[in-house]
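In what follows, a structure is listed as structure tokens, so that the remarks can point back to it.
Throughout, protein chains are lettered first and strands after them, A, B, ... in sequence-line order, and every chain is numbered starting at 1.
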Amino acid sequence: MKKKPVQYWLMKIEPSDVSIDDLAARPKQSVPWYGVRNYQARNMMRDDMQVGDLVWYYHSSCAEPGIAGLAKISSAPYPDPSQFDAKSKYYDPKSTSDAPRWVMVDVQLVERWQLIPLKWLREQAALADLRLLARGNRLSILPVDAKHWHFVEQRRVLR
DNA sequence: GCCAACGTTGGC
DNA sequence: GCCAACGTTGGC
């Protein structure tokens, strides 16, 4: 595949599953992003992500939703083994090893941040069209525009 | 191909 | 726990 310039992503995870502190404590500070069962999110991992792309590690479904830190894509896409595990809640009986339906990537910690609350993001006029903030957004993986990325990069430490 | 029913997400 | 929004499923 042709190498693209670095791209930016937001990936949601429940901190009760793997919080940023859990990530920091893991071997290689890396986590396999298993369990995605949404075609749009899968397609982004399979077709668009490149090793080295940067990621906002986002805590969702918790008391303080927000961006918990910076991570990066640390592997090419590969089949998600949980789709073949009949005991897994992510088991997909329609998927075969010849034609795996679900893929995943590895995500590695770059830097823990002081949490950037969702509430703060919503207050920034420059982020008005950030996809995370769009009404009814439920996708667990979202692309982030460079302009939004850089805005947060400049402002997050000045809050 | 339509669309109602259902399950899930995720903020509050 | 509530509920709006959305994706998926399956009957027709």
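H150(A) and Y8(A) have perpendicular rings, their planes meeting at more than 60° on a 0 to 90° scale where under 30° would count as parallel.
In the set dG7(C), dG10(C), dT8(C), dT8(C) carries the atom at the smallest distance from any side-chain atom of Y39(A).
Distance Y58(A) OH to dG10(B) C1': 8 Å, rounded to the nearest Å. dG11(B) atom C1' lies 8 Å from atom CZ of R122(A), rounded to whole Å. Atom P of nucleotide dC6(C) and atom CG of L142(A) are separated by 13 Å, given to the nearest angstrom. Here the P atom of nucleotide dT9(B) and the CZ atom of R135(A) are 20 Å apart, to the nearest Å. In this structure, CG of D92(A) is placed 9 Å from P of dT9(C), rounded to the nearest angstrom. Per the geometry, CZ belonging to R42(A) stands 10 Å off P belonging to dT8(C), to the nearest Å. The CZ-C1' distance, from R138(A) to dG7(B), rounds to 9 Å in whole Å. If you measure from atom CG of N137(A) to atom P of dC3(C), you get 22 Å, rounded to the nearest angstrom.
Across the interface with DNA chain C, nearest-nucleotide mapping of K94(A) and N38(A) shows N38(A) to be the residue nearer the 5′ end.
Within the structure, a side-chain polar atom (N or O) of K12(A) is placed less than 4.0 Å from OP1 or OP2 of dG10(B).
Of the possible polar contacts, none joining the D85(A) side chain to the S82(A) backbone as a donor-acceptor pair under 3.5 Å is found. Although no hydrogens or angles enter the test, the distance criterion places a donor-acceptor pair under 3.5 Å between the side chain of N137(A) and the main chain of L139(A).
Other residues, nucleotides and ligands contribute at most 12 non-hydrogen atoms within 6.0 Å of the CD atom of E64(A).
Among the heavy atoms of the strands, none lies under 4.0 Å from E14(A).
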